[in-house]
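Reading through the structure tokens given below for one structure.
Here the structure is a predicted model, which means the values were calculated and not measured.
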Protein chains: 2
Amino acid sequence: MDNSISTDRKKRRGTQHVACDDCGLFPLCNPIDLGGREFSMADEFVERRQPLAAGEHLFREGEPFSALYAVTSGALKLINLTEDGQELVVGFVLAGETLGQTGIYPQRYPCSAIALEDSHVCELPYGSLKETSSQVPALSQNFQSMMQKENFDLHRQFAMLMARKNAEQRLSAFLLNLSMRLDERGYSGEEFSLPMSRDDIANFLGLRKETLSRLFTKLHQTGAIAVRGKHIRMLDMETLRDASGLPRHIA
Amino acid sequence: MDNSISTDRKKRRGTQHVACDDCGLFPLCNPIDLGGREFSMADEFVERRQPLAAGEHLFREGEPFSALYAVTSGALKLINLTEDGQELVVGFVLAGETLGQTGIYPQRYPCSAIALEDSHVCELPYGSLKETSSQVPALSQNFQSMMQKENFDLHRQFAMLMARKNAEQRLSAFLLNLSMRLDERGYSGEEFSLPMSRDDIANFLGLRKETLSRLFTKLHQTGAIAVRGKHIRMLDMETLRDASGLPRHIA
DNA sequence: CGGGGAATTGAATACGTTCAAAGGCCGTGG
DNA sequence: CCACGGCCTTTGAACGTATTCAATTCCCCG
């Protein structure tokens, strides 16, 4: 069996942008399909493809909510800070995915968003969205749909990761979740590059980085995945699904 | 210190209903505040207070999505079934809370909902909601707000429970989460009755019931909570917050 | 009062963590 | 282009925590 991953390491750091059609914000940028007359938020209000250096904050926990964002390239992590300054990773946002929605209700961002690598984001000011959507039913409708999908995704991720007992199940479920999400955005869910460090994954999954490392080697040795640093190839999805302990239709 | 819980066990099983004002579905039942003219879904479409026996299904995983629900009394659990027929508890719905929203996007319920005790639910058919909301902006607006709050709640619960490493943190966070949610609906968040079995909690938290049991006794002995079967009194919230390892502003 | 499921407790085992050390990758500077 | 240094990752061994399996107790309900 071929467990190897090509050793030439071209830098993928935040280079290729996701296609607009694959972006989670697309239905809000271009709500043309239902509107009767043509209309595009993108041209009017969306601040497109702002660069974000690795490690830079997009927004900070507690800041007043002001806009929705979509990641067009790169990836971010969402974190909370504990009293003693420790990070608590509560999520990852991949290229094509949106962030900021959770701040709408409390009017503040409930977590900080930090770029994991050099990234680009599109910014949609919430004021403009709200104002325009009151006049453009199609936009309002698409916004509604977006929140519904978001809700579903959150619930699914919760179901995937919450009740996983042992570390192997957690990691398997995590990898499957990533793979699904990459697929959804037009990337390969079979071979990809992890944008986050082992530490971040461990923190997110409630494990130690050492445990995680052992698990990666274990999954590698059993032939379920091929690992070379951050590069992952999903070799045996079936085994992973079994290892995750998840119902087939979820994973 | 008084670690005792009154020993008279009156049956609270699904007796008192939550007040309509405290119900998560209220903004959809009565979107009068913005509408100009008075209007109420409740009178027209909402099927009110349907009884549900303990153990009975409200809906099943995979069924076509048809309606939103609010629990007016009692409580439900949300579960997925694994291939081999094992339950995977993915959430609990308390009196005053809503369920079904996660089915909107995929057009199917992604999990089954089972009554934990004799309960009552109000049913709002989604067809009626959608139709009416296209004519009543206030309703549409409130629906939007509901999804936004739902999104926030899900994210918060995810943040609270996901990265909790050890069992004590998980249980503490779980109890704090329950307490918050009860408070929100006008119940006492300080003293309450767990509607679910130890097994269900353990399943949800990814622990064994034996471990859970030991933790309950431990928290009881340290004086953080008072436990008598399903009755819980939160004696020392500060200790619990510390034990949960959560940032203060979340817990 | 008695039966049965749920909850608790106990002892041995398995698993994940901890602390320490070594290895590998990458950017920097020679 | 290669050597150096730092950081991230991997590996090792001892320890601590959660799990397992079994036995007992507690409650709820008839």
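Residue K165(A) contributes atom NZ, which lies 19 Å from atom P of dA14(C) at whole-angstrom precision. If you take CG of D200(B) and C1' of dG5(C), they are 14 Å apart, rounded to a whole angstrom. In this entry the distance linking CG of L207(B) with C1' of dT8(C) reads 16 Å, nearest Å. Distance R208(A) CZ to dA18(D) P: 13 Å, rounded to the nearest Å. One interatomic measurement links the two molecules: CG of N203(B) to P of dT19(D), which rounds to 12 Å at whole-angstrom precision. Between the P atom of dA18(D) and the CD atom of Q169(B) lies a distance of 10 Å, rounded to the nearest Å. L215(A) has its CG atom 7 Å from the P atom of dG16(C), to the nearest Å. For the pair E117(B) CD and dC29(D) C1', the computed distance is 17 Å after rounding to whole Å.
Contacts of D153(B) classified as salt bridge (Lys or Arg N to Asp or Glu O under 4.0 Å), with partners at least two apart in sequence or in another chain: K149(B), R156(B).
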* Once each nucleotide of nucleotides 6-12 of chain D is scored for protein heavy atoms under 4.0 Å, what B/S/- sequence comes out, 5' to 3'? -> ---BBBB
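For K218(B), the NZ atom is loosely surrounded, since the number of other residues' heavy atoms within 6.0 Å does not exceed 12.
Looking at R181(B) and N177(B), their side chains do bring a donor and an acceptor atom within 3.5 Å of each other.
The backbone N or O of E117(B) lies less than 3.5 Å from a partner atom in the side chain of S119(B), making a donor-acceptor pair. Not one N or O on the side chain of R241(A) forms a donor-acceptor pair closer than 3.5 Å with the backbone of L176(A).
A centroid separation of less than 6.0 Å is found between the aromatic rings of F204(A) and F92(A).
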